[in-house]
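So you know, we letter chains A, B, ... as the sequences are listed, proteins then strands, and number each from 1.
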Number of protein chains: 2
Amino acid sequence: MSPSPNAPTPVAIPEPTLKRLPYYYKFIQGQREARRDFVSCTTLAEALGLNPIQVRKDLQATGAVGRPKVGYHVETTLDAIEECLGYHNTQDIFLVGAGHLGQALLAYPGFAEIGFNLVAAFDADPAKVGREVAGKPILEASRLSDLVRRMHIQIAILAVPAAAAQMVTDTLVRAGIRAIWNFTPTRLAVPREVLVQDENLLASLSVLSKQLENSRVKSHKESIHGKPEEL
Amino acid sequence: MSPSPNAPTPVAIPEPTLKRLPYYYKFIQGQREARRDFVSCTTLAEALGLNPIQVRKDLQATGAVGRPKVGYHVETTLDAIEECLGYHNTQDIFLVGAGHLGQALLAYPGFAEIGFNLVAAFDADPAKVGREVAGKPILEASRLSDLVRRMHIQIAILAVPAAAAQMVTDTLVRAGIRAIWNFTPTRLAVPREVLVQDENLLASLSVLSKQLENSRVKSHKESIHGKPEEL
DNA sequence: CTGCTTTCGGTAAAGTTTTATCGATATGGA
DNA sequence: TCCATATCGATAAAACTTTACCGAAAGCAG
Ligand SMILES: NC(=O)c1ccc[n+]([C@@H]2O[C@H](COP(=O)([O-])OP(=O)(O)OC[C@H]3O[C@@H](n4cnc5c(N)ncnc54)[C@H](O)[C@@H]3O)[C@@H](O)[C@H]2O)c1
Ligand SMILES: NC(=O)c1ccc[n+]([C@@H]2O[C@H](COP(=O)([O-])OP(=O)(O)OC[C@H]3O[C@@H](n4cnc5c(N)ncnc54)[C@H](O)[C@@H]3O)[C@@H](O)[C@H]2O)c1
């Protein structure tokens, strides 16, 4: 309750903001390559199809400061975002379940670019164990617990069949995992101190489909009630 | 502005709710298999680690009605969720970009279960064209536009390299696509009437990593300021 | 140098989503 | 039969996110 003595306001950054930061980062990188030194919220917003005020608030949250009439300094703003998202501090992570999805993730070079080192995968299928994908070994699932512990792995990617999800989670938790990136369509039961980020792809697709249905109804209504606003 | 004459309250269901519905669905299916006829918000919330009041509001949004002291009828509630998420009305969809991620999606049987029929993939790589993945053909990218139009495809999955994302999007839009499920880390420019659902995996991982960092700071603070609340 | 315009930062308002409160209803046991 | 209790539905409060507003700073044109 009492404010910390000298804490530099470590106000948690809202999740929607965190999800937008990578877009700003990518665009500002492009500006750097184009040899531009400054970029304004207006420009960013225009390019990304967002509200300029929202962009400004998001950048403020990273600690970046802008100059009126000029915008934000490209280099320092990139640094601020990197700092904010922790692109610097490299982190080793594991993947559990080297099936279709797991192997796609293994092969993906994008993680390394933002400071994650996907070290190894684990699988229960003997036919997969021993193979490599993109230079990453697929190890025996039975070794998971021990290696999480010994290598002090904090984050694991979960890409096993739904039926195995909770069991693997329990193993990870017992081994001391701190966060799980969950691609299974299961709600995982974990202790309060363990974080879970759900990536429920089916749910996302359902949302899209539902919104499509809504928009159909809406535009139909509009066309009936006569509201052909097209600008 | 004026209320529609006889519309059955087509209030748009909030996205967070839509994303939770599949979890309820899956759990209630389990209850059906266990021969239970009713399920309460309390039970659901307990099992899924959610707030019971939230569960109740979510179910209300689907149109399901419950009985005090008893809960929600399993069969009718499943129907309500199916109806709400459109699990019934089957829909053909296309995938563009049959690379690592695209092929994992092609092989995934989950889409069919919720009413989506992933008909075909399209790729620019001649080495991939002509092959099949899980019985789904990989077709020449040049045929995309024509087939979207002729088959009246409304939803496309975008899994091409970021560099090609906008170009493919433009093609899809010109061909009359209505919604794009976007796995590239790019913000797509589309006309207002086209929906885009972004699935920015790197952004999600960044969020998780940041939250982990926050929780570390917090628990450290707590341990200093003495706040070992453990219940 | 002066005024015009763009853009920032802070604060306030509006909109959404989550959580709380409370009366009503139905069930099961006294 | 009647009471205690679990649970629902509705309404309200709280928390969070997005959007708006306004004064100040800084570049630019004349
Ligand atoms: N493939 C997709 O596109 C896709 C899309 C959305 C969601 N998902 C979800 O992702 C998960 C994985 O999907 P997939 O298509 O890769 O499935 P998959 O069957 O191809 O792969 C699962 C892998 O996990 C391994 N495995 C099983 N039990 C294990 C255990 N106890 N420990 C370690 N490894 C174990 C299997 O051997 C297999 O290699 C599923 O939960 C699925 O619902 C996948
Ligand atoms: N693989 C992953 O796990 C992963 C994770 C997160 C994000 N993503 C994103 O998903 C996208 C695809 O990733 P990937 O790993 O599958 O890449 P990939 O390179 O394996 O596959 C891309 C495919 O797209 C095809 N392609 C290229 N240009 C095309 C065009 N104009 N029309 C049709 N097809 C075209 C290529 O031939 C290739 O088969 C990328 O944008 C990536 O950033 C992938």
Select one nucleotide: of [options], the one nearest the side-chain heavy atoms of [X].
X	options	value
A:S40	C:dT18, D:dG9, C:dT7	C:dT7
B:P68	D:dT19, D:dT7, C:dG9	D:dT7
B:C41	D:dC8, C:dC8, C:dT21	D:dC8
B:T42	C:dA26, D:dT17, D:dT7	D:dT7
B:V70	D:dT7, C:dA26, D:dG27	C:dA26
B:P14	D:dC8, D:dG9, C:dT17	C:dT17
B:K69	C:dT19, D:dG9, C:dA26	C:dA26

Item to check | Test item: side-chain donor near acceptor, B:E113 and B:Y87, under 3.5 Å | outcome: no

Item to check | Between B:K26 and A:T186, a side-chain donor and acceptor under 3.5 Å | outcome: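 On atom types as modelled, these side chains qualify, holding a pair under 3.5 Å.
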
In whole Å, what is the span from the [atom1] atom of [X] to the [atom2] atom of [N]?
X	N	atom1	atom2	result
A:E46	C:dT7	CD	P	10 Å
B:I53	D:dA10	CD1	C1'	12 Å
A:E15	D:dC16	CD	P	13 Å
B:Y72	C:dA26	OH	P	14 Å
A:R56	C:dT7	CZ	P	9 Å
B:Q54	D:dA14	CD	C1'	14 Å
B:L50	C:dT18	CG	P	10 Å
B:H73	D:dC8	NE2	C1'	16 Å

Look at [X] and [N] and indicate whether a side-chain polar atom (N or O) is within less than 4.0 Å of OP1 or OP2.
X	N	value
B:R67	C:dT27	yes
B:N51	C:dT19	yes
A:R20	D:dT18	yes

Checklist entry - Do the side chain of B:K57 and the base of C:dT19 come within less than 3.5 angstrom through a donor-acceptor pair of N or O atoms? => result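 Between C:dT19 and B:K57, which were checked side chain against base, a qualifying N/O pair under 3.5 Å is absent.
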
Next on the checklist: Looking at B:E46, I want to see if its CD is surrounded by more than 12 non-hydrogen atoms of other residues, nucleotides or ligands under 6.0 Å.
Outcome noted: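 No, the 6.0 Å shell around CD holds no more than 12 heavy atoms from other groups.
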
Item to check | Greater than 12 external heavy atoms within 6.0 Å of B:H100's NE2 | outcome: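 Not more than 12 within 6.0 Å, no.
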
Checklist entry - Which sits closer to the 5' end of DNA chain D, A:D58 or B:Q60, going by the nucleotide each is nearest to? => result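 The residue whose closest nucleotide sits nearer the 5' end is B:Q60.
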
Checklist entry - Should A:I13 and A:C84 count as side-chain neighbours, where that means a heavy-atom distance under 4.5 Å? => result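 The answer is yes, as the side chains (C-beta and beyond) meet within the 4.5 Å cut-off.
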
